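In what follows, a single structure is set out as structure tokens and then discussed.
Heavy-atom basis, side chains included; hydrogens, waters and symmetry copies ignored. No experiment lies behind these values; they were computed from the predicted model shown.
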Amino acid sequence: MTEYTTVSIPKELAARVEETIEGTTFSSTSDLVRFLLRSIVIQHQRSGGELSDAEFQEIADNLRDLGYLK
């Protein structure tokens, strides 16, 4: 059985995420966050443990577009 933990995000961001995932295959904010974190971890592992500046910037830009970063 998989155990879970809680990640807190501001309510305003949660509302924006809910709007963003409407009409997508993501059924919840948690689904999207899991997808993003897995993507980052996989990318990190494939690069031998270090992200290039371009990879880091791409991830940061994606997270910024979703409202996770300012």
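Note: Leu32 CG to Ser27 OG = 10.5 Å, rounded to the nearest 0.5 Å. Separation of atoms CZ (Arg34) and OG (Ser28) is listed at 5.5 Å; rounding is to 0.5 Å.
Between the side chains of Asp53 and Gln57, no donor-acceptor pair of N or O atoms lies under 3.5 Å.
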Residues 18-25, side-chain donor-acceptor partners within the protein, below 3.5 Å, at least two apart:
| residue | atom | partner | partner atom | Å |
| --- | --- | --- | --- | --- |
| Glu18 | OE2 | Thr29 | OG1 | 2.7 |
| Thr20 | OG1 | Arg16 | O | 2.7 |
| Thr24 | OG1 | Ile21 | O | 2.6 |
| Thr24 | OG1 | Phe26 | N | 3.1 |

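When side chains are defined from C-beta on, Ile42 does not count as touching Ser39, because their heavy atoms never get closer than 4.5 Å.
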